[in-house]
Participant: 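My structure is below; once you've seen it, I'll send some questions.
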Protein chains: 2
Amino acid sequence: MSVRSRQPSGPEIPASEEEVLPARGQRKQRTRDALIDAALQLMNEGRSFNSLGLREITRVAGVVPTSFYRHFRDTHELGLVLVEESALTLRRMLREARRAGAPVKDMIRRSVQVYSAFVLANRLHFLFIAGERTGGSPVIRGAIRNEVDQFTAELTQDLRHLAIFPQLTPDSLQMICGLVVSTMLNGATDILDLPPDDSAQPLEDNLVHQLRVIFLGAQLWRDEIS
Amino acid sequence: MSVRSRQPSGPEIPASEEEVLPARGQRKQRTRDALIDAALQLMNEGRSFNSLGLREITRVAGVVPTSFYRHFRDTHELGLVLVEESALTLRRMLREARRAGAPVKDMIRRSVQVYSAFVLANRLHFLFIAGERTGGSPVIRGAIRNEVDQFTAELTQDLRHLAIFPQLTPDSLQMICGLVVSTMLNGATDILDLPPDDSAQPLEDNLVHQLRVIFLGAQLWRDEIS
DNA sequence: TCGATGTGTCAACAGTTGTTCACTAAAAAT
DNA sequence: ATTTTTAGTGAACAACTGTTGACACATCGA
């Protein structure tokens, strides 16, 4: 279904493609990708990761069930790989946002637009994160929580360097970023649930307003005794 | 496991117990409750609703698999009943909050304390709502979204009558209540994930701070042209 | 060129799944 | 008192599940 350019786990990072891998490594990587894609695709059809079966995944991947074990110990391990990979997408988003710089004017609206587009462009990963962040297997949920927390910390650092809220202590800024992140992930769920030919505009507007409220409050925030 | 006082679906509401039901109706209600409890209990052990099997549920309920069909067409229908029942818990919470009145002094902190206690006291229902609100079956997710939206609307009405934010239009108030509700449901996930003998205090503090930020922002909010 | 490595295949296993049908026995209706 | 209704049982079904072991055969290092 989707042609994916996956970064190799090996030490040498190829410039553009994975051609540097030995022929057998390519083949292995390819079916490994097929398995991962199959899981994501099944989730895209409304299933939760927990309910996916090993055979089901291999069937969609076009591989025999036993092949699965050449790549993962069990579906659980696949899930953790999926967490890792989705986390990379999150970081990629942050990196691109950083590169785009911070237009203070109408910054929230622009960010939400970029975010919305990014969510739709990386539908499967956000579907996985937003869907398995609550419910599902506790250990996968925990892994996602770790990644999201790390993402929040990075976002906090960025905002800190931008010095938008100079009066906030690091802890307060982190707490506010946590609120921002959870609000945006919530928004992702809504965006992904939209019927395919619906406009995301109303949801974006709502998200913009909510973030504006948060940022308004952040500007007024003073750390109190309790 | 848990003795549940379920409200009968019949027209005549008994004062205290369900003794008014015919003997057979009582028995039926009892195993129906056992099935519902079994599903909740399984979820309490870290499973997502989607992954529960019919036989699994009946096994925990102590009933033969075929008995399931006397009460629900399939597990899906059980899920919808679970949504309904959990929604009742949400409304019950709102009702009790209304009854307690609104102490403007330290109102947020008190509300969060009551909320946290309520979440822990109704663990299974909140586990279901917070867990299946994202991911899982689309139709169940949709049903939950409806109930949460309705809950948000009721909360909006309450805040409106309290006139805490007199300058806000109904739409803006609703949008802010949506932010509040999603933040609190997020908090529920965190609280429910706590190891059983951990204090919820840090999470409560964080939730209090986040809500304070939101309310600070809400006080400053002015509806703009765009 | 030859042996080693390892990805993918095939066949088979024991166990579980959802669903059906006919049946029992107790409560309700007559 | 007799008939009807019905919640729960038990056996059986085809289909599916995760996992195993042995095998084919392309790629690799020598």
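These numbers were taken from a predicted model, which means no experiment stands behind them. Side chains included, hydrogens not; waters and symmetry mates left out as well; all remaining heavy atoms used. Convention: sequence-line order gives letters A, B, ...; per-chain numbering from 1.
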Participant: Sequence neighbours left out, what pairs pass salt bridge (charged side-chain N to carboxylate O under 4.0 Å, His left out) with at least one residue falling in residues 188-200 of chain A?
Facilitator: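 For residues 188-200 of chain A: A:Asp190-B:Arg145, A:Asp193-B:Arg141, A:Asp193-B:Arg145.
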Participant: Rounded off to whole Å, could you give me the CZ-to-P distance for the A:Phe68 and C:dC10 pair?
Facilitator: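 Atom-to-atom, A:Phe68 to C:dC10, this comes out as 19 Å.
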Participant: Check residues 56-65 of chain B and write down every donor-acceptor pair under 3.5 Å in which the side-chain atom is one partner and the other belongs to a residue at least two apart or another chain.
Facilitator:
from, atom 1, to, atom 2, distance (Å)
B:Glu56, OE1, B:Gly53, N, 3.0
B:Glu56, OE2, B:Arg47, NH1, 2.3
B:Glu56, OE2, B:Arg47, NH2, 3.4
B:Thr58, OG1, B:Leu54, O, 3.4
B:Thr58, OG1, B:Arg55, O, 2.8

Participant: Return the value, rounded to whole Å, for the distance between atom CD of B:Glu77 and atom P of C:dT19.
Facilitator: 12 Å
Participant: Kindly write out the residues that satisfy side-chain hydrogen bond (donor to acceptor under 3.5 Å, both in side chains) with B:Gln201, not counting sequence neighbours, or none if the list is empty.
Facilitator: B:Asp205
Participant: Excluding sequence neighbours, so at least two apart, what forms side-chain hydrogen bond (donor to acceptor under 3.5 Å, both in side chains) with A:Thr134?
Facilitator: B:Thr134
Participant: Can you tell me how far C1' of C:dG8 sits from CZ of A:Arg30, to the nearest Å?
Facilitator: 13 Å
Participant: Whole Å only: how far is the CD atom of A:Gln29 from the P atom of D:dT27?
Facilitator: 17 Å
Participant: For the residue pair A:Thr183 / A:Gln210, report whether a side-chain donor-acceptor contact shorter than 3.5 Å exists.
Facilitator: no
Participant: Which residues pass the salt bridge (charged side-chain N to carboxylate O under 4.0 Å, His left out) test with B:Arg98, not counting sequence neighbours?
Facilitator: B:Asp158
Participant: Base, backbone or nothing for each nucleotide of nucleotides 18-24 of chain D, written B, S, -, heavy atoms under 4.0 angstrom, 5' to 3'?
Facilitator: BBBB---
Participant: Tell me: NZ of A:Lys28 to P of C:dG6, nearest whole Å?
Facilitator: 9 Å
Participant: Rounded to whole Å, please give me the gap between CG in A:Asp33 and P in C:dG8.
Facilitator: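 Between P of C:dG8 and CG of A:Asp33: 11 Å.
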Participant: Can you tell me how far C1' of D:dT6 sits from NE2 of B:His71, to the nearest Å?
Facilitator: 11 Å
Participant: In whole Å, I'd like the distance from the CZ atom of B:Arg59 to the C1' atom of D:dT9.
Facilitator: 17 Å
Participant: With a cut-off of less than 4.0 Å, is there a side-chain N or O of A:Arg32 near OP1 or OP2 of C:dG8?
Facilitator: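 No.
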